[in-house]
Amino acid sequence: MDEEKEVKLSLDQADAVENCLDLRVRIYSVTGGAGVGKTLIMRHVHDQLRALNQRVLLAAPTGRAAKRIQEATGIEAKTIHRLLEFPAPFEVDNSGGKVKFGEPKRNRLNPLPCDFLLIDEASMISSNLWRQIMEAVPTHANVRLFGDINQLPPIDDELPNGQSVFKRMLDERPKSHLLYNFRSDDNLIENANRILRGSIPQRGDKFEIILTNDTIGALRDYTPASFHTTDHQVLTPKRVGPTGSVKLSSILRTKFNLALDKPHIELDRRDDNETPITVIRDDKVIWTKNDYILNVMNGELGILDGIDMEDGELSLILDDNRHISIPPTIKNPFGYFYDPRKQIDLAYCMTTHKAQGSEFDSIIYVMSRSQAWMLNRNNFYTGVTRARHHVTVICDRHALSYAMRRPKG
């Protein structure tokens, strides 16, 4: 972080910082691919605004993204949902009335206490969330968006496929589009940019490609024990199918965590049509729905470190070192009972979409021809740029060809 402070800005980066500081421009966006210095610019913008006695808030769409930004910049960051103070379903307001679920407490009548709002990973923002953000921003305040337009767009019923709020802001509002890659000697970053150009990535010290017709066998043989932790992650484009994240998670669990003497338990799914899953102590898991009683949010990763075989209570260590207990039944203030354990899923493998906004020390990205309609440069690029230090691609030749041929899904 101290080294980053001493880095001299390029002319394009300095221009982006200057434009972000312009009080006359309410919405300004900074975009560019991996290695162009978006985080560096954000830090400079934050520090200069604070020096001008401006109140600055920093947010990101996911908890892992907010944590990553805070680690990279030293700036306190929150998820957008926490910043807007979305209520739990059972909350009441100060007058005793029920708060409308799905609507944040921060709005036009109760705006955010800021002069500038900086949002990272802006390409993930949906139309509805953008409306809620703008309703919560004071009329005098400015918004600065930082993101990579080359990443996957959010799932958004209000916009055509491939479109996003961030793209609309880039098309309609002032922006800086950074092109120069300051890490061109970085094999990982160079290959990410090659993917965007439709060029086959090249093997190097940070990028390995394993071409095989047996992707599952290669994944099982190659994946090291470090991928049992939340610092490393296997990704694939699809959730279902023979090489979907559900199937691959189950296969990897048989490699890393199939000790017959460990406690295990079968958990029902939120969707009654889905088959129950069995979890074993020490499983790598992901939380799949916001739970305001347990204070665990959708997308949080952790290790299941305990199963009480008598009452079914689970113990979970999240990747921010929080330790929570998950009972088999919770009663909310309205008297309804639910099983929070249904919100747990195996996470030895995740979809690219689920990992967006996160970073891991290393990534294994799995593609196969059975996923043909999901394979494109957009997904491939998003997947490999989740890695800080190393990427391994395991795929067959047809899958690699499909992924490079199609710019977007």
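The first residue in the sequence is number 1, and the count goes up from there. FYI, side chains are in, hydrogens and waters are out, and symmetry mates aren't considered; it's all heavy atoms of this structure. Because the structure is a prediction, the values reported are computed rather than measured.
Listed by chain and number, the residues in a side-chain hydrogen bond (donor to acceptor under 3.5 Å, both in side chains) with Ser176 are Tyr28 (sequence neighbours excluded). Residues passing the salt bridge (Lys or Arg N to Asp or Glu O under 4.0 Å) test with Asp361, sequence neighbours excluded: Arg388. Annotation: side-chain hydrogen bond (donor to acceptor under 3.5 Å, both in side chains) contacts of Ser315 (sequence neighbours excluded): Asp305, His323. Shown here are the ring-ring contact (aromatic ring centres under 6.0 Å, His included) partners of Phe360, two or more places apart in sequence or in another chain: there are none. Residues satisfying the side-chain hydrogen bond (donor to acceptor under 3.5 Å, both in side chains) test with His232, not counting sequence neighbours, are Ser362. In terms of the side-chain contact (heavy atoms from CB on, under 4.5 Å) criterion, Asn53 has no residue partners (sequence neighbours excluded). Not a single salt bridge (Lys or Arg N to Asp or Glu O under 4.0 Å) links Asp261 to another residue, sequence neighbours left out. Asp308 meets the salt bridge (Lys or Arg N to Asp or Glu O under 4.0 Å) test with no other residue; sequence neighbours excluded. Partners of Pro154 under the side-chain contact (heavy atoms from CB on, under 4.5 Å) rule, at least two apart in sequence or in another chain, are Ser164. By the salt bridge (Lys or Arg N to Asp or Glu O under 4.0 Å) test, Arg144 pairs with no residue at all, sequence neighbours left out.
Taking CE of Met42 as the start and CD1 of Ile75 as the end, the distance is 7.0 Å to the nearest 0.5 Å. Atom-to-atom distance recorded for Leu267:CG and Gln343:CD is 11.0 Å, nearest 0.5 angstrom. To the nearest 0.5 angstrom, Ile303 atom CD1 is 8.5 Å from Leu316 atom CG. Once rounded to the nearest 0.5 Å, the distance linking NZ of Lys238 with OG1 of Thr352 reads 12.5 Å. The distance from atom CD1 of Ile119 to atom CD1 of Ile125, rounded to the nearest 0.5 Å, is 4.5 Å. Interatomic distance, His353 NE2 to Asn379 CG, rounded to the nearest 0.5 Å: 7.5 Å.
Checked for salt-bridge contact, Asp22 and Arg24 meet the test: a charged N lies under 4.0 Å from a carboxylate O. Taking 4.0 Å as the cut-off between side-chain N and carboxylate O, Glu158 and Arg131 count as a salt-bridged pair. No salt bridge links Lys289 with Glu300; every basic N to acidic carboxylate O contact stays at or beyond 4.0 Å. A salt bridge is absent between Arg386 and Glu359; no separation between the charged side-chain nitrogens and carboxylate oxygens falls under 4.0 Å. Salt-bridge annotation for Lys342 and Asp268: absent, with no side-chain N of the basic residue lying under 4.0 Å from a carboxylate O of the acidic one. For the pair Arg253 and Asp283, the salt-bridge criterion is met [side-chain N within less than 4.0 Å of a carboxylate O].
Put simply, the side chain of Arg369 never gets that close to the backbone of Asp396: no donor and acceptor are under 3.5 Å apart. A side-chain donor-acceptor contact under 3.5 Å links Thr229 to the backbone of Ser226. With Ser249 contributing its side chain and Val246 its backbone, the two residues share no donor-acceptor pair below 3.5 Å. Of the possible polar contacts, none joining the Thr212 side chain to the Ala218 backbone as a donor-acceptor pair under 3.5 Å is found. Using modelled atom types, one side-chain atom of Thr254 and one backbone atom of Ile251 make a donor-acceptor pair closer than 3.5 Å. When atom types are taken as modelled, the side chain of Lys255 and the backbone of Pro224 share no donor-acceptor pair closer than 3.5 angstrom. Of the possible donor and acceptor atoms, none in the side chain of Asn376 sits under 3.5 Å from a partner among the backbone N and O of Arg406.
Here the options are Lys67, Arg64, Arg68, Lys38, the test is salt bridge (Lys or Arg N to Asp or Glu O under 4.0 Å), and the partner is Asp120; only Arg68 passes. Of the candidates Glu172, Lys175, Arg173, Arg173 is the only one forming a side chain to side chain contact (heavy atoms under 4.5 Å, CB included) with Ile27.
Here the side chains of His46 and Leu58 are not in contact, with every heavy-atom distance at 4.5 Å or above. Side chains of Gln132 and Leu84 form a contact here, defined as non-hydrogen atoms less than 4.5 Å apart. A 4.5 Å side-chain heavy-atom check between Arg194 and Glu190 finds at least one atom pair inside the cut-off. Side-chain contact between Gln233 and Lys284 is present, with heavy atoms from C-beta onward closer than 4.5 Å. Under the 4.5 Å side-chain criterion, counting only non-hydrogen atoms from C-beta, Pro138 is in contact with Cys114. When side chains are defined from C-beta on, Leu23 counts as touching Asn142, because their heavy atoms get closer than 4.5 Å. Looking at Cys395 and Leu211, their side chains come closer than 4.5 Å, going by heavy atoms from C-beta outward. Between Leu83 and Leu117 there is a side-chain heavy-atom pair separated by less than 4.5 Å.
Listed by first and then second residue, the ring-ring contact (aromatic ring centres under 6.0 Å, His included) pairs that reach into residues 51-85 are His81-Phe86, sequence neighbours excluded. Here ring-ring contact (aromatic ring centres under 6.0 Å, His included) pairs that include residues 109-159, with residues two or more places apart or in two chains, number zero.
Defined by atom type and a distance below 3.5 Å, a donor-acceptor pair is present between the side-chain atoms of Lys354 and Asn298. Side-chain atoms of Asp148 and Tyr381 form a donor-acceptor pair, as typed in the model, at a separation below 3.5 Å. Side chains of Tyr365 and Thr392: a donor-acceptor N/O pair is absent below 3.5 angstrom, by distance only. Ser368 and Ser370 form a side-chain donor-acceptor contact under 3.5 Å, judged by distance and modelled atom types alone. Counting only N and O atoms by type, the side chains of Thr236 and Gln371 include a donor and acceptor under 3.5 Å apart.
Centroid-to-centroid, the aromatic rings of Tyr348 and Phe227 stay 6.0 Å apart or farther.
Nearest heavy atom pair, residue Ala59 against residue Ile80, reads CB-CG1, 4.0 Å. The two residues Pro340 and Ile330 come nearest to each other via the heavy atoms CG-CD1, 3.7 Å.
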